[in-house]
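Down below is the structure, laid out as structure tokens.
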Amino acid sequence: MGSRSGGVADHQLGRQDRRRRRFAVHLVDTAWGTTFWGQRYGDWDEVEPPRATATAGNPAQELDFLRFCSDELLACYRAERDVLREHSSAPVTTNFMTTNCKSVDYWRWGREVDVVANDHYLTAEADRNHIDLAMSADLTRAVAGGRPRMLMEHSTGAVNWQPRNIAKRPGELARNSLAHVARGADAVMFFQWRASRFGAEKFHSAMLPHSGTGSRVWRDVVRLGADLGSLAELRGSLVRADVAVVWDWESWWAMELAWRPSVDLDYRERVAAFYEQLWDAHLTCDFVAPGQDLAGYRLVVAPSLYLTAPGTAAVFGRYVRDGGTLVVSYFSGIVDDNDAVHPGGHPGALREVLGLEVEEFLPLRAGERVSLTGGATGDVWAEDVRPHGAETVLEYADGPAAGKPAVTRHRLGGGSAWYLSTRLRGDDLAGVLRGAYRDAGVEPADLPRDVEVVRRHGPDAEYLFVLNHTDVDTRIEASGTELLTGGRCDGLLTVPAGAVAVLRTG
Amino acid sequence: MGSRSGGVADHQLGRQDRRRRRFAVHLVDTAWGTTFWGQRYGDWDEVEPPRATATAGNPAQELDFLRFCSDELLACYRAERDVLREHSSAPVTTNFMTTNCKSVDYWRWGREVDVVANDHYLTAEADRNHIDLAMSADLTRAVAGGRPRMLMEHSTGAVNWQPRNIAKRPGELARNSLAHVARGADAVMFFQWRASRFGAEKFHSAMLPHSGTGSRVWRDVVRLGADLGSLAELRGSLVRADVAVVWDWESWWAMELAWRPSVDLDYRERVAAFYEQLWDAHLTCDFVAPGQDLAGYRLVVAPSLYLTAPGTAAVFGRYVRDGGTLVVSYFSGIVDDNDAVHPGGHPGALREVLGLEVEEFLPLRAGERVSLTGGATGDVWAEDVRPHGAETVLEYADGPAAGKPAVTRHRLGGGSAWYLSTRLRGDDLAGVLRGAYRDAGVEPADLPRDVEVVRRHGPDAEYLFVLNHTDVDTRIEASGTELLTGGRCDGLLTVPAGAVAVLRTG
Amino acid sequence: MGSRSGGVADHQLGRQDRRRRRFAVHLVDTAWGTTFWGQRYGDWDEVEPPRATATAGNPAQELDFLRFCSDELLACYRAERDVLREHSSAPVTTNFMTTNCKSVDYWRWGREVDVVANDHYLTAEADRNHIDLAMSADLTRAVAGGRPRMLMEHSTGAVNWQPRNIAKRPGELARNSLAHVARGADAVMFFQWRASRFGAEKFHSAMLPHSGTGSRVWRDVVRLGADLGSLAELRGSLVRADVAVVWDWESWWAMELAWRPSVDLDYRERVAAFYEQLWDAHLTCDFVAPGQDLAGYRLVVAPSLYLTAPGTAAVFGRYVRDGGTLVVSYFSGIVDDNDAVHPGGHPGALREVLGLEVEEFLPLRAGERVSLTGGATGDVWAEDVRPHGAETVLEYADGPAAGKPAVTRHRLGGGSAWYLSTRLRGDDLAGVLRGAYRDAGVEPADLPRDVEVVRRHGPDAEYLFVLNHTDVDTRIEASGTELLTGGRCDGLLTVPAGAVAVLRTG
């Protein structure tokens, strides 16, 4: 133990020594669970980065190593930023890729940049990829907290690094750009200015393509510049939401470590599935970090929150007792921040707030489906749920959990906590969420599918964005000045197929 | 040649030198067949472990290296065991995984342990995985010879290392455990006692799960303990069989070396396919090593015995001439134990006993099927078979061997040798085997599918295990004392859906 | 810059220095396009072979490295050949694998061997693999220029290195062998003489198989020897063609570098697709190198000529203006020989000859199909084509380019240039080519599918090969002496199912 730092107080230690002390405490806590795999450490000097193993490594060590990597990247950024600040008063930032960069915990980065700058590229072959764009824009806003936000990179058309680099169709460049603005970006930039004739990026689209200024893309870029100019007054206006979704890089990391109950457990898939339902209900939502105060939200959704620290669980409990509506999906609340299973039956951290215990996980076979009462269909996962206070909303009608609760609702204090123990999608998930919306007093908007509506709130005015992703014109009740055209709208706004309108309504 | 051991007799040499001498002789024998690939050795010192090559390595060397690895693992075990024996009289063993550990030739290990201990985990997503369990239990018994046997590891529920860790359903834990007992195990153990909160195995089921002693799994474990107690008198009783299946790790190794005629040739698949037919016919079978005396068996099945040493072929010949019934599947008898093709047409080692020659292999395309007279369908493989004494049982009706024999039978001395030149499965394979059963005087039992019946024979009594893997009750004609309940049964035993009965009948 | 060779004239420099100078010039030309990826070189000494990168390497450097490897292999061959020539007057050659060896630019090798020797092995599982064989034989003839040609290696039956080594059926060995002769080979050899009992090739077919001289394969080999003897007078006779297909290893290399617009772009697939159509139209074709003089051909097809040097484009222009018919497929003419995009809109090198500009690539999704007017269906690729002189032959009826030209024809001088902007196959491609055949005055023969007809022209006689790959007899109008049987044919030649006839007709 010679290398430990002895009886010195934490604040007296340097950074390296503080890390050692923290690690030492952690090792003592978890050592006895890893003994029979020989994964014990007697001293800081025995700790190595995770290496290839014959079978599985120590998951808690791997999780800590992922934290360590994120921390070190941030330390590197800080060091570079501080040098710049010594010599310049120019704002400093770096490009985030909020929903797509698994390796970095952006909750800790947002406060370190002067402007939060995000990159977002469509997954070009994906269906309805504008929803993924919205999710990235919303998470960027969350990561920024109150800081200014910008879109640093996206593309005018096809990229060059996806398997099949589908080109954007006319109108898509503008819709993509303005969707970022609608959700809080105050600037929009592209990679790249002019298509290079040489090198690895020569087939990446550009503001000025190979075919030059006679091209449609060039004309659309020029027009976007004009459009953004006419939206200058929106700078600094805010987006507000009644609904929050919990996003947690640590749960993402921990869920993807080896030897989980099923390879079909997928952190990001579940977040995206719930986000898609909120988007389809035309509900604007915030993302929140685990443990963040939830007061002010009517509805909070926690998908796949496998790692749930005791403090996070306590916030959920307070939130529900104080009248909030919480929705939790399966394989949440299982471990603490050392990847240690919470004592007792699953989900240890959330048994109380959910009013139930999961006696046994029942992963489903590849392609296997289970029917629920009421007609919904689940796949991937089922559970042997024993209610302790929760009421059963839907039961399993067949499969390994036949006759047991599939979806439950726990009235607790002034609120309610919902639990989904199987993977629901599409209309089946929407159906369950409608129940939670009722509990929360949240009202989905009655608008056509793929018409996106978002509001920004300025000090003197409110701005309504309507993005029509469909191929038919749409009408929406609203009045105000349409900023892109300068026209006046009284009562009924028509947004042509594929187009965008921005109304000053306040 | 300085490093060779010269004119010294074998017994005068140390282990390392004996190996060198054996290798040197082997290299001289096979060198001329590998000349144009530059795979020649002039001296022991030139022999390296197999390495990555631009194309194919020397398969005989790779085969020898697999033997070498198995030998060295055994030597390591022996060294450790001998140390233990110097200090203790406790029995010494190690955990085998008989049907699933390709890298170790257990025929050479059985005699080196005091108790043969097997691990068996279900392939949880597989259909009818209780048949694979039975195969593992039977091979464990074979490897043990007369030594005591135990099940060292299996699981109370889901494991954590398969893609989707399907949980066992109620009753399955007991059926699995007692199936091992039925086939010769005198003890049953689990991994693990109590689910750990930490580390890589925390989602592996346990005797005491996270949900504690209030759980179904815990109750089932406690009940199994009681059941095993009531079977104590079975300890040491024997399982007897009229049918034997040849199992050979060396054929497995050799068949999977590079550049075989088809990637669809699969040693273990064929053994399992024949085993499944015997299981479905309610015929208990032994496994035997190649070259082992076959007297006493009515029927012997040799699936995919690609590597057939001359001595093994001689045993088959004697067995058939003495009245036995032999069933051989395609791609058997091709090479000797140096992976050298037996001289002349295929299958060199078995032409005489099978009464035929294979002029040309006719591997089939992916998904291609061939029809046989009588309605059966083969895939993967066909052959241009020329009978020299064998009669044709089924012909190819189409495909590359149309009009030629597909299944043959050779009467030789007092017995008969069957040959299947294409891959048959399910009912098609069952149909051919019924012919062999008739030759052998072996009678499949008339019992429902998935009702497993096995007998153990004690010095004073006989024990009938009935394992009902179906979801309906089954009745079976039998009389005696049911040991798990202590009840008396006269004439008709009812075994409920999913349950097990053990009757003392002797 | 110390390592550069200064102001010395090129011919005064050694080979290494000439390479350095060339590289230096090239680097200056392209450096500015790769700056933002840090892929700059200030000096020859900074140039390393391509290495693993976090994202993409410098494609121009990777292309040059592929050239360098091909050059060095050739230099190695030359060095060995020159040693042999000092000591022997025996002809020197090495075995090519013309259509299947991507790593070597055989256009530069043909002149360096005394006899062009090709290896060709069927892709045994492929449908109609005799077309791939013909393509290999035709490319071998092209690579040889006027030099003698031989088939150095093929197989009598199955090989051993494919996933499923399908055996050749009776007659196939002879058809394969004589197809090579028909297309210019003056000798036919096999790997291997006698099947070896040992080593990696023991399951590769041989002239003398394991089953010995009583086998069908042996008898067929003996007969082939006799057949080849009766064709001795053909030695040195020539094959002539009206149609040429451009083959270019450099385009193949460059198209498969990283970050192209779609992973479905496939150089060899397109060449094979066009070749198959010509084969099905019973049109014998030559292969030509890019930039080679095209005078004398009625029709020239350039599939996937992504890399088109200015000189190659100039040859196409002259050829069309002088009355030729040119067919070009999508993603041709994009870059020069430094993988630099030709300035302006795509396809920079071919805009003028094709009379059009491609404003944007429109790669299609996996499995996506687009309909063309007239009923054809394209996949993989579409384009936003703007005609500048070309007429529209077929339009896109749906998909991302709906209403725009899909297939165009540009009348230029005395000829015409066709452009296909989507991937057409089978009858759809045949339909478009029929239009080009009409322009070219080329007439497909009216013969059954899979009856292959090729002519060799000797100084005193003409030889007609008819290879019947079908399972029914075929009749063809022809007169002369059938050389394999010595029989006389007047007016109508019958070629039995699976057989070959060679008629001296001149």
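Owing to the predicted nature of the structure, the values given are computational and were not obtained by experimental measurement. The sequence lines fix the lettering, A, B, ..., with proteins before strands; numbering per chain opens at 1. Heavy-atom basis, side chains included; hydrogens, waters and symmetry copies ignored.
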Tell me whether Arg78(C) is salt-bridged to Glu112(C), with the criterion being a basic N under 4.0 Å from an acidic carboxylate O. yes

Salt-bridge test for Arg216(C) and Asp220(C): reply yes if a basic N is under 4.0 Å from a carboxylate O, no otherwise. yes

Relative to chain C, which segment of Asp336(B) carries a heavy atom at a distance below 4.5 Å: side chain, backbone, both, or neither? side chain

Would you please say whether a donor-acceptor pair under 3.5 Å links the side chains of His469(C) and Arg175(C)? yes

At a 4.5 Å cut-off on heavy atoms, which part of Val380(B) comes close to chain C: side chain, backbone, both, or neither? neither

Examine the side chains of His120(C) and Asp132(C) and answer whether a donor and an acceptor come within less than 3.5 Å of each other. yes

Within 6.0 angstrom of Glu352(B) CD, more than 12 heavy atoms from elsewhere: no

If you measure from NE2 on His342(B) to NE2 on His210(C), what distance do you get to the nearest 0.5 Å? 12.0 Å

Taking the six-membered ring for Trp and the full ring for Phe, Tyr or His, determine whether the centres of Tyr121(C) and Phe191(C) are under 6.0 Å apart. no

Using heavy atoms and a sub-4.5 Å threshold, report which of residues 252-269 of chain B line up against chain C, by residue number. Trp259(B), Arg260(B), Pro261(B), Ser262(B), Val263(B), Asp264(B)

Surrounding CH2 of Trp193(C) (heavy atoms of other residues, nucleotides or ligands, distance under 6.0 Å), is the total greater than 12? no

Between the side chains of Arg128(C) and Asp280(C), is the shortest nitrogen-to-carboxylate-oxygen separation below 4.0 Å, so that they form an ion pair? yes

Atom pair CG/CG of Leu372(B) and Leu420(B) - distance to nearest 0.5 Å: 9.0 Å

In residues 389-406 of chain B, which residues are in contact with chain C at a heavy-atom separation under 4.5 Å? Pro400(B)

Which bit of Ala195(C) is near chain B, if near means a heavy-atom gap under 4.5 Å: side chain, backbone, both or neither? neither

Should the pair Asp339(B)-Lys202(C) be classified as a salt bridge under the 4.0 Å nitrogen-to-oxygen rule? yes

What part of His346(B) lies closer than 4.5 angstrom to a heavy atom of chain C: side chain, backbone, both or neither? side chain

Where on Pro163(C) is there a heavy atom nearer than 4.5 Å to chain B: the side chain, the backbone, both, or neither? both

